[in-house]
There are 2 protein chains.
Amino acid sequence: MVFPDSAARNRPSARAATAQVLAPYALVREYLKHGLSVGRWPPGALMPSDSELVAQFGVSRMTVTRALRELQTDGLVTRVQGLGTYAAHLAQVSSSLTIRDLHEEITARGHRHHARVHLSRQQRATAGLAGQLGLAPGAPVFHTLIVHFEDDVALQCEDRFVNPRCAPNYLKTDFTKITPTHYLLQVAPLWEAQYSIEAGAPRVREARLLGIPGDEPCLIIVRRTVNRDIPITLARLVHPGSRYRVQGQFKP
Amino acid sequence: MVFPDSAARNRPSARAATAQVLAPYALVREYLKHGLSVGRWPPGALMPSDSELVAQFGVSRMTVTRALRELQTDGLVTRVQGLGTYAAHLAQVSSSLTIRDLHEEITARGHRHHARVHLSRQQRATAGLAGQLGLAPGAPVFHTLIVHFEDDVALQCEDRFVNPRCAPNYLKTDFTKITPTHYLLQVAPLWEAQYSIEAGAPRVREARLLGIPGDEPCLIIVRRTVNRDIPITLARLVHPGSRYRVQGQFKP
DNA sequence: CAGTGGTCTAGACCACATA
DNA sequence: ATGTGGTCTAGACCACTGT
């Protein structure tokens, strides 16, 4: 690991001359990150203060601040005003899980995607559904039931309810060409979602549509999406366990 | 949404006077975020330049930069040097998934956690395992098999292999008191993990240890952890589908 | 060339926590 | 009173992209 030296590094000309030198703020960040990884500051330990780092690296405080703020948003340090910067307790590992549009995911693998629409209609919301979508019980909702195939193998059964207020033209979409996810992303570009992932048996109809035995373990994702406090959609995505998995990665 | 006015807001005294005013950088960020959510800048559209925002809000460029950098790390905008700032295509929703230490998760719910250790020994790595842990085939590895209970209900069967080089004293730990996850976090505080989540049937032994039928769908998490290019551990976590789910959230 | 984002500085005021 | 982090400013140089 590079040491806080900086006298030379700090000259912009030196920065430009060499090819891939880290910017000063990145240098400070990596220095601290390295120290954390080798246990120089065990979880909970007090780390160098802003002013100490300013002196050590010969940079301005804004530079140190940026380095520390990045570590903070990555959950690696905890900063408390009036006290100092502490090495975080990584009791919970917060990771990045990417849920992509299925069409994209399949075509990115170089496979063919197609969808079969089993249901696409308006109906009245039950009490529970109305609550989830912020509607009055009995209010109209859009309901689609679509099975997605990867190279003719059923991969996902997508049972979705949509708030008509957010996507009035939802049912006019040709879901064999555009997935609901893709369409809704266009209608409501900025959103907020909660979801749960669990294992369970498929419902009878889902097993039939997916062409799997009724006792095959399935990965079930239930996702609720909200845009600016207005619920948009509630989806139940059922995947045969043998054909689908969610992958993720945590990288500080 | 508040408008770029700022003349008054910018006086620190005004900031201190009112209770919960947003800091200028947050004001700029929320202004842009709001515009994105109402479709003022559709995906791919050119957004205001730094200097325009500086003029509109009457703040310094560092303040605007910070706002935009936060939006960028959240994946809401794309910035290209020499071109400008663009509204991002939210083709893939990258979300935050939290995997906590099970002991913490259970006690946080106000329940009791206890563990039963069924295996805790050193053995020789098979070829496949050695590859995953960066060891030579036949090299010694630590192997633990532990079942975790929440209020006497089996919640997780944890089958784990550990690289002795990273945690030489691993087997000396009392796993009825400290979970392997917790112990390893202390030994290697900064890490990097890859994992997959899938649904499947438990192995025969796992079903027996968990006290569930052999055909009960289970949520299976396989996680591989690496610290500074050195593999630490490989874990297979099997949860009865009816008793466990992973929850997550995406919030721009 | 002009305009864009990427980064840095030196200094400043503030709120907060501890002694 | 001192030291901590939180934030802001005014100006600067750079690399990059277009015309």
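Here is how names work: the chains are called A, B, and so on, in the same order as the sequence lines, proteins then strands, and each is numbered from 1. Hydrogens, waters and symmetry mates are skipped; everything else that's a heavy atom, side chains included, is used.
With the nearest nucleotide of DNA chain C identified for both B/Arg69 and B/Ser51, B/Ser51 has the one nearer the 5' end. Mapping A/Met62 and A/Leu68 onto DNA chain D by nearest heavy atom places A/Leu68 closer to the 5' end of the strand.
With hydrogens and angles left out, the side chain of A/Arg61 and the base of D/dG5 share a donor-acceptor pair within 3.5 Å.
Near-neighbour residues of DNA chain D inside residues 77-86 of chain B, defined by a heavy atom below 4.0 Å, number-ordered: B/Gln81, B/Gly82, B/Leu83.
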Would A/Leu171 and A/Asn169 count as a side-chain contact (heavy atoms from CB on, under 4.5 Å) if you check the C-alpha gap in whole Å, the side-chain angles of each, and the deciding distance to 0.1 Å? CA-CA 6 Å; A/Leu171 293 181; A/Asn169 298 317; over 6 Å; no
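Regarding B/Gln72, its CD atom lies at a distance of 17 Å from the P atom of C/dT4, rounded to whole Å. To the nearest angstrom, P of D/dG5 lies 11 Å from CG of A/Leu32. A straight line from CZ of B/Arg29 to C1' of D/dT7 spans 13 Å, rounded to a whole angstrom. What separates CG of A/Leu46 from C1' of D/dG5 is a distance of 12 Å, to the nearest Å. Distance, A/Leu22 CG to C/dT7 C1': 13 Å, rounded to whole Å. One interatomic measurement links the two molecules: CG of A/Leu53 to P of C/dT9, which rounds to 13 Å at whole-angstrom precision. A/Arg66 places its CZ atom 17 Å from the C1' atom of D/dG6, with the value rounded to the nearest Å. One atom, CG of A/Asp50, and another, P of C/dA10, lie 16 Å apart when rounded to the nearest Å.
Contact of the B/Glu105 side chain with the B/Glu150 side chain is not registered, since no non-hydrogen atoms from C-beta on lie closer than 4.5 Å. Looking at B/Leu53 and B/Leu32, their side chains come closer than 4.5 Å, going by heavy atoms from C-beta outward.
Nearest heavy-atom pair across A/Pro231 and A/Cys166 is O-SG, 3.6 Å.
One finds a side-chain N or O of A/Tyr25 lying less than 4.0 angstrom from the OP1 or OP2 phosphate oxygen of C/dT7. Side-chain N/O atoms of A/Thr65 include none lying less than 4.0 angstrom from OP1 or OP2 on D/dG6.
The side chain of A/Ser49 has D/dT4 as its nearest neighbour among C/dT9, D/dC8, D/dT4.
Rounding to the nearest 0.5 angstrom, the gap separating the OG1 atom in A/Thr225 from the CG atom in A/Asn227 is 9.5 Å.
Side chains of B/Arg224 and B/Gln194: a donor-acceptor N/O pair is present below 3.5 angstrom, by distance only.
Partners of A/His113 under the ring-ring contact (aromatic ring centres under 6.0 Å, His included) rule, at least two apart in sequence or in another chain, are A/His103, A/His148.
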